[in-house]
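All remarks here apply to the structure that follows.
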Amino acid sequence: MSEQPQFTVTIDQNKFLPEGGREVHAIVSVEASGGAVAPASTRASEVIIIDTSGSMSYPNTKLTAAISAAKVAIDTLRDGVEFAVISGSNTASMVFPAQPGLVAANPQTREQAKAALSRLKASGGTAIGSWLRLADQIFGDVQGGIRHAILLTDGKNQHETAEELDAVLFRCNGRFVCDCRGVGTDWEVAELRKVASALLGSVDIVADPAGLVADFQAMTEAAMGKSVADVALRVWTPQTARLRFVKQVMPTVEDLTARRVESAPQAGDYPLGAWGAESRDYHISVEVPPGEVGKELRAAWVKLVVPGAPGEEAQVLATGNVLVQRTDDEAASTRINARVAHYTGQAELAAAIQEGLQARKDGDVDTATARLGRAVVLADEAGNEEITSMLRRVVDVVDTATGTVRLKRNVDKAHEMELDTRSSKTVRTRRDETVPPRKDETVTTRRGTDSLGTRRGDPSGGRPDEG
């Protein structure tokens with residue numbers, strides 16, 4: 001088995017447009033296979049941030065469970081991985097090591113860190129931005145490698161302004177990945193989601209503190225499985241085309257459009273964070289100008305890259321083409337690609353749930369009923385059984401097909417928050433993933449040629465016509 005994963009890109013689309021059609025949609029599926037265990041030589045850094053505000057002592061099982069979870073995470077680190085532990089209240093302070101910095105994991109440092117964790121007490125307030133600022137300081141001297149943080153809180157960010165938190169998130173963007181967890185039910189989903197989204201991490205609820213140990217272990221194991229850091233999706237479009245959006249649609253819905261960093265004329269990079277052996281899907285939409293019937297054009301050229309240092313070329317991991325061809329065949333141009341439709345529906349599902357829950361919180365019963373009813377329809381169409389089950393804890397479903405529902409009067413807050421946090425998690429299409437690509441799909445890897453016979457690393461020569 002190769003130490004590092006091998007990347008492939010699959011483009012799934014209907015390339016045919018009617019004469020007046022302008023929008024091209026494609027699902028870009030990226031898969032990293034092999035290298036299931038990161039090689040020992042992979043540099044990795046881990047910072048664990050534990051909320052120690054006063055509310056963590058009510059009930060006292062929260063802080064006790066958090067300490068146990070952090071200890072398990074430390075034991076899960078590979079030998080040699082550099083790590084640190086932060087205590088967060090209305091200020092941030094070091095738990096281990098004593099001064100801001102990282103130490104290599106070994107039997108001695110693990111025991112020292114766990115001893116320091118055992119001395120933690122709960123007091124003070126909550127200022128998440130200050131916690132992240134200290135984490136950023138700790139990561140500051142790390143050159144390359146996997147940089148991952150775990151952040152646990154049980155409350156709202158009450159001891160700093162939203163603007164202060166936003167400023168910290170702007171600074172930390174792209175510097176490390178942070179998975180966020182809320183324990184109990186007194187924290188704000190939207191607030192923690194904003195942190196996780198900005199730092200390319202996940203957000204979830206652990207309603208029962210007893211679940212923290214398993215969750216921390218799973219997050220740390222996932223981080224230890226990463227072996228390629230700072231991957232980006234580079235999208236090139238012709239001068240006459242306009243890239244409308246780039247969205248991650250699997251395993252979660254995340255709009256990446258505003259995160260574009262210009263990398264070359266007509267090309268921009270969208271950060272994807274670190275990768276191990278896994279797969280993710282992205283929805284790309286390009287607006288193209290009118291063209292002649294029968295002519296095949298490249299609407300976008302997609303590359304998976306690891307950007308190089310200033311003055312250095314990016315490492316290209318895989319590439320693929322998003323194509324467009326005008327046709328007067330109505331049957332061909334009106335066929336909706338199943339995967340595009342599926343993920344468009346799941347993006348709408350996430351929005352419907354979040355809007356419906358917010359309306360319910362605001363007392364707008366009509367909007368809440370309509371949006372959550374629409375969510376029931378979309379979840380059923382997608383075969384998203386987990387979300388369907390969660391929706392039924394919040395609404396009584398009268399008719400699934402029409403989305404006719406009634407809001408439940410008494411809803412467990414943990415169930416409502418669980419639905420909210422997991423609303424953006426998606427499932428793949430019901431289509432068998434082992435089915436070979438159709439003729440309008442393109443599968444490419446770093447080696448070989450694409451469906452048009454274009455050699456890798458050739459940004460101009462041999463290119464199909466540009467729209």
Side-chain contact, heavy-atom cut-off 4.5 Å: Val177 with Leu199? no
Side chain to side chain contact (heavy atoms under 4.5 Å, CB included) between Val302 and Leu233, intermediate numbers included: CA-CA 7 Å; Val302 178; Leu233 193 69; 3.5 Å; yes
Taking everything shown except Lys121 itself, do over 12 heavy atoms lie less than 6.0 Å from its NZ? no
Partners passing salt bridge (Lys or Arg N to Asp or Glu O under 4.0 Å) against Glu164 (at least two apart in sequence or in another chain): none
Taking the side chain as every heavy atom from C-beta outward, state whether Lys226 and His148 have any pair of such atoms under 4.5 Å apart. no
Lys194 with Glu191: basic N within carboxylate O range, under 4.0 Å: no
N/O donor-acceptor pair under 3.5 Å between Trp131 side chain and Ser89 backbone: yes
Hey, are Thr42 and Ser227 close enough side-chain-wise for a donor-acceptor pair under 3.5 Å? no
Without swapping roles, check the side chain of Glu160 against the backbone of Ile128 for a donor-acceptor pair under 3.5 Å. yes
Closest contact, heavy atoms only, Ala26 versus Ile11: CB-CG2, 4.1 Å
Ser29 versus Asp281, side-chain donor and acceptor atoms under 3.5 Å: yes
Sort out for me which residue in Gln354, Gln346, Glu418, Glu355 forms a side chain to side chain donor-acceptor pair (under 3.5 Å) with Ser423. Gln354
Does Ile50 reach the side chain of Ile67, with side-chain heavy atoms less than 4.5 Å apart? no
Distance only, no hydrogens: is a donor on one side chain within 3.5 Å (strictly under) of an acceptor on the other, for Arg360 and Thr369? no
Considering only heavy atoms from C-beta outward, does the side chain of Leu391 approach that of Ile387 to under 4.5 Å? yes
Taking atom types as modelled, find out whether Arg428 and Ser279 have a side-chain donor-acceptor pair closer than 3.5 angstrom. yes
Check Lys408 with Asp396, please: is the shortest side-chain N to carboxylate O separation under 4.0 Å? yes
Would you say Phe216 and Ile48 make side-chain contact, with heavy atoms under 4.5 Å? yes
Exactly one of Val9, Ile27, Leu272 clears side-chain contact (heavy atoms from CB on, under 4.5 Å) with Tyr282, and that residue is Leu272
Shortest non-hydrogen pair, Ala105 vs Arg110, comes out as CB-NH2, 3.9 Å
With sequence neighbours left out, what residues match Ala32 under side-chain contact (heavy atoms from CB on, under 4.5 Å)? Pro5, Phe7, Trp275
Neighbour count above 12 (heavy atom, 6.0 Å) for Tyr58 OH: no
So with a 6.0 Å cut-off around CZ of Arg406, is the heavy-atom count from everything else above 12? no
Main-chain N/O of Met224 paired to Arg78 side chain as donor or acceptor, under 3.5 Å: yes
Look at the side chain of Gln248 and the backbone N and O of Thr252, then say whether any donor-acceptor pair between them is shorter than 3.5 Å. yes
Side-chain (Asp51) to main-chain (Asp154) donor-acceptor, under 3.5 angstrom: yes
Test your reading of the model: is there a side-chain donor-acceptor pair from Ser123 to the backbone of Gly54, 3.5 Å cut-off? no
Can a donor-acceptor pair be found, under 3.5 Å and without considering hydrogens, that links the side chain of Arg181 to the backbone of Asp179? no
Taking the side chain as C-beta and beyond, is there a heavy-atom pair between Glu348 and Arg374 under 4.5 Å? yes
For the pair Arg260 (side chain) and Val246 (backbone), establish whether a donor and an acceptor sit closer than 3.5 Å, ignoring hydrogens and angles. no
Contacts of type salt bridge (Lys or Arg N to Asp or Glu O under 4.0 Å), residue Arg392, not counting sequence neighbours: none
So which heavy atom on Val30 is nearest to which on Leu304, and how close? CG1-CD2, 3.5 Å
Is atom CD of Glu385 surrounded by more than 12 heavy atoms (other residues, nucleotides or ligands) closer than 6.0 Å? no
Closest heavy-atom contact between Gly125 and Ser53? O-CB, 3.0 Å
Whether Glu278 side chain and Gly276 backbone form a donor-acceptor pair below 3.5 Å: yes
Is a side-chain donor or acceptor of Arg422 paired with a backbone partner of Met390 at a separation under 3.5 angstrom? no
Should the heavy atoms of other residues, nucleotides or ligands under 6.0 Å from CD of Glu262 be counted, would the total exceed 12? yes
With no hydrogens and no angle check, just 3.5 Å: does a side-chain donor-acceptor pair link Arg259 and Ser197? yes
Whether Glu416 and Lys361 form a salt bridge (side-chain N of Lys/Arg under 4.0 Å from carboxylate O of Asp/Glu) is what I want to check. no
With salt bridge (charged side-chain N to carboxylate O under 4.0 Å, His left out) as the test, would you mind laying out the steps for Lys425 and Asp204 before giving the verdict? CA-CA 10 Å; Lys425 293 185 178 181; Asp204 208 345; 3.2 Å; yes
